[in-house]
Amino acid sequence: MNDTFAPATGIGSLPGHDAREAAKTATGTFEDFPFLPELPARGPGADMIGRTAGMLVELYARVEPSGWRLGDRPGRDTKRARAWLGEDLDALEEFTQGYQGPLKLQAVGPWTLAAALELRGGEAVLSDPGACRDLAASLAEGLRLHLAEIRRRVPGARPVLQLDEPSLTAVLRGQVRTASGYRTHRAVDRQTVEATLREVAGVHEGGPVVVHSCAPDVPFALLRRAGVAGVSFDFSLLTDRDDDAIGEAVEGGTRLFAGVVPGTDTALSDPAGSVMGVRTLWRRLGLRPELLAEAVTVTPACGLAGASPEYARRALAHCVRAARSLADNPE
């Protein structure tokens with residue numbers, strides 16, 4: 001099996017406020033592919049955008065009524081984001097003593113960050129190509145430091161960097177709304193999007209980068225060209241239009257992080273039923289069944305921040321059982 005990844009892992013966010021409890025769940029459930037949990041319920045700075053804004057180098061953001069906005073100096077919001085990340089890293093370090101293997105950490109990718117962060121005037125960073133370049137460079141440097149910190153705290157880990165890009169398709173299609181809400185920002189050129197993703201992914205020198213999006217129409221081909229090792233997506237949103245791109249991705253060695261377990265409270269099917277769609281897709285694409293375990297990591301459809309703590313634990317454990325079913329019965 002490809003030892004860069006493992007059969008199952010989580011997406012990132014979990015419900016609740018307790019960093020130690022979250023780290024215990026993420027490491028205890030996925031003994032061969034734990035992840036650094038995110039707990040957005042703690043408030044601004046623990047949310048997806050604020051957490052990554054706190055990692056930026058020489059760029060600082062604060063909370064305004066409209067969202068996160070870039071400012072001149074680190075204020076209490078930046079400090080809070082960094083403190084919570086430190087708390088999460090302390091908890092992860094405690095529960096990964098002696099661990100050796102892949103360890104996933106998540107940050108918002110450059111395009112979703114550019115669509116969400118505001119410039120000083122209130123418009124999105126996305127509106128200014130120069131600001132987008134500066135933001136990507138700051139993010140890349142912040143991620144380089146974050147990866148170094150993970151390696152220091154968990155020396156046996158092989159970090160896997162996940163870039164969360166739920167707004168990527170909207171950026172490519174010119175569907176991100178302006179501050180007024182009446183217009184949309186111009187679509188960003190695909191080559192620019194690809195080059196920026198390649199630049200940010202490049203900070204993880206030699207290490208695998210996965211791009212996650214639980215939005216429809218994930219641009220598989222563009223992500224492959226950008227050099228990512230894996231694509232994480234909500235399996236229920238796939239359509240027949242995605243078949244060719246997925247087939248090419250698998251044959252090119254791209255790992256599929258198939259989000260097959262619902263992210264909010266619901267009745268769970270048996271593990272084999274959860275991955276039935278993956279097997280069906282495999283047959284439709286004419287791919288060899290024995291490739292399944294080599295090519296697929298089973299995950300929840302998206303983050304679990306909106307789930308109850310009890311369901312979140314069940315959903316993560318269900319991913320492990322579903323992955324085992326896929327490996328044991330690929331056909």
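What you see is a predicted model, and the numbers here were worked out from it, not measured in a lab. One is the number of the first residue; the rest follow in order along the sequence.
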Trainee: Which heavy atom in Asp265 sits nearest to a heavy atom in Ala307, and how many Å separate them?
Mentor: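 Closest pair (atom of Asp265, atom of Ala307, distance): OD1-CA, 3.3 Å.
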Trainee: Please check if the side chain of Arg279 supplies one atom and the backbone of Asn329 the other of a donor-acceptor pair under 3.5 Å.
Mentor: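 Yes, because the side chain of Arg279 sits within donor-acceptor range (under 3.5 Å) of the backbone of Asn329.
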Trainee: How many angstroms lie between atom CG of Asp128 and atom CD of Glu123, to the nearest 0.5 angstrom?
Mentor: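 Between atom CG of Asp128 and atom CD of Glu123 there are 10.5 Å.
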Trainee: Going by an N to O cut-off under 4.0 Å, is there a salt bridge joining Asp90 and Arg153?
Mentor: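 Yes, this pair counts.
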Trainee: Would you mind telling me which of Val160, Thr27, Val320, Thr299 makes a side chain to side chain contact (heavy atoms under 4.5 Å, CB included) with Phe33?
Mentor: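 The passing option is Val160.
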Trainee: Mind running salt bridge (Lys or Arg N to Asp or Glu O under 4.0 Å) on Lys24 and Glu21 for me, showing each step along the way?
Mentor: CA-CA 5 Å; Lys24 185 179 177 183; Glu21 187 62 34; 5.0 Å; no
Trainee: OG/Ser167 to CD/Gln175 distance, rounded to the nearest 0.5 angstrom?
Mentor: 10.5 Å
Trainee: Count the heavy atoms belonging to other residues, nucleotides or ligands that lie under 6.0 Å from CD of Glu58, then report whether that count exceeds 12.
Mentor: no
Trainee: Examine distances only and state if a side-chain atom of Thr169 and a backbone atom of Asp217 form a donor-acceptor pair shorter than 3.5 Å.
Mentor: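 Side chain of Thr169 to backbone of Asp217: a pair is present.
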Trainee: Testing the basics here: between Ala19 and Arg42, what is the closest heavy-atom pair and its distance to 0.1 Å?
Mentor: CB-NH1, 4.3 Å
Trainee: Between Arg144 and Glu141, is there a salt bridge with N-O shorter than 4.0 Å?
Mentor: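 Here Glu141 pairs with Arg144 in a salt bridge, since their nearest N and O are under 4.0 Å apart.
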Trainee: Taking a hydrophobic cluster as the set of Ile, Leu, Val, Met, Phe, Trp and Tyr residues connected by side-chain heavy atoms closer than 4.5 Å, whether directly or through intermediates, do Leu238 and Leu285 fall within one such cluster?
Mentor: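 Yes; tracing contacts between hydrophobic side chains, which count when under 4.5 Å, links both residues.
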Trainee: Using 0.5 Å steps for rounding, measure from the CG atom of Leu126 to the OG1 atom of Thr178.
Mentor: 11.0 Å
Trainee: Above 12 or not: heavy atoms from other molecules or residues under 6.0 Å from CD of Glu64?
Mentor: yes
Trainee: Are any side-chain N or O atoms of Glu38 and backbone N or O atoms of Asp47, one a donor and one an acceptor, separated by less than 3.5 Å?
Mentor: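 A pair under 3.5 Å: no.
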Trainee: Checking salt bridge (charged side-chain N to carboxylate O under 4.0 Å, His left out) between Arg51 and each of Asp77, Asp88, Asp164, which is the one that passes?
Mentor: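 The residue from Asp77, Asp88, Asp164 that satisfies salt bridge (charged side-chain N to carboxylate O under 4.0 Å, His left out) with Arg51 turns out to be Asp88.
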Trainee: Could you report the tightest heavy-atom contact between Gly43 and Trp84, atom names first, then the distance?
Mentor: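 Closest pair (atom of Gly43, atom of Trp84, distance): O-CZ3, 3.9 Å.
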Trainee: Going hydrophobic residue to hydrophobic residue with side-chain gaps under 4.5 angstrom, can you get from Tyr60 over to Ile49?
Mentor: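 Result: no, two separate clusters.
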Trainee: To check you understand the geometry: which heavy-atom pair defines the closest contact between Phe5 and Thr297, and what is its length?
Mentor: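 Taking every non-hydrogen atom into account, CB-OG1, 4.1 Å.
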Trainee: What closest approach, in Å, do Val261 and Cys319 show between heavy atoms, and which atom pair accounts for it?
Mentor: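 Smallest interatomic distance, heavy atoms only, reads CG2-SG, 3.7 Å.
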Trainee: Same hydrophobic cluster for Leu291 and Leu281, using side-chain heavy-atom links shorter than 4.5 Å among ILVMFWY?
Mentor: yes
Trainee: If we check side-chain hydrogen bond (donor to acceptor under 3.5 Å, both in side chains) with Ser232, which of these qualifies: His212, Arg255, Gln162?
Mentor: His212
Trainee: State the OG1-CD distance between Thr254 and Glu248, to the nearest 0.5 angstrom.
Mentor: 10.0 Å
Trainee: If you take all heavy atoms of Ala115 and Ala124, which pair is closest and at what distance?
Mentor: O-CB, 3.8 Å
Trainee: Is any side-chain N of the basic residue among Asp72 and Arg120 closer than 4.0 Å to the acidic one's carboxylate O?
Mentor: yes
Trainee: State plainly whether one hydrophobic cluster holds both Leu161 and Tyr99, where clusters connect Ile, Leu, Val, Met, Phe, Trp and Tyr through side-chain heavy atoms under 4.5 angstrom apart.
Mentor: yes
Trainee: Run through Ile150, Leu36, Val154 and flag the one making a side chain to side chain contact (heavy atoms under 4.5 Å, CB included) with Thr96.
Mentor: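 Exactly one candidate clears the test, Val154.
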Trainee: Would you say Leu113 and Val210 are hydrophobically clustered, going by side-chain heavy atoms of ILVMFWY under 4.5 Å?
Mentor: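 Not linked; separate clusters.
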Trainee: Can you tell me how far the CD atom of Glu149 sits from the CG atom of Leu105, to the nearest 0.5 Å?
Mentor: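 CG of Leu105 is found 11.5 Å from CD of Glu149.
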Trainee: Hey, is CZ on Arg198 packed in by over 12 heavy atoms from elsewhere, all under 6.0 Å?
Mentor: yes
Trainee: Heavy-atom count check: over 12 atoms from other residues, nucleotides or ligands less than 6.0 Å from Arg314 CZ?
Mentor: yes
Trainee: Other residues, nucleotides and ligands only: do more than 12 of their heavy atoms fall within 6.0 Å of CZ on Arg20?
Mentor: no
Trainee: Looking at Leu172, Leu168, Val176, Val193, which hits side chain to side chain contact (heavy atoms under 4.5 Å, CB included) with Val188?
Mentor: Val193
Trainee: Considering only heavy atoms from C-beta outward, does the side chain of Thr266 approach that of Tyr311 to under 4.5 Å?
Mentor: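 Yes, close enough: below the 4.5 Å cut-off.
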Trainee: Hey, could you give me the CZ/CG distance between Arg69 and Leu119, rounded to the nearest 0.5 Å?
Mentor: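 Answer rounded to 0.5 Å: 9.0 Å.
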Trainee: Going by atom types alone, do Ser66 and Glu118 pair a side-chain donor with an acceptor below 3.5 Å?
Mentor: yes
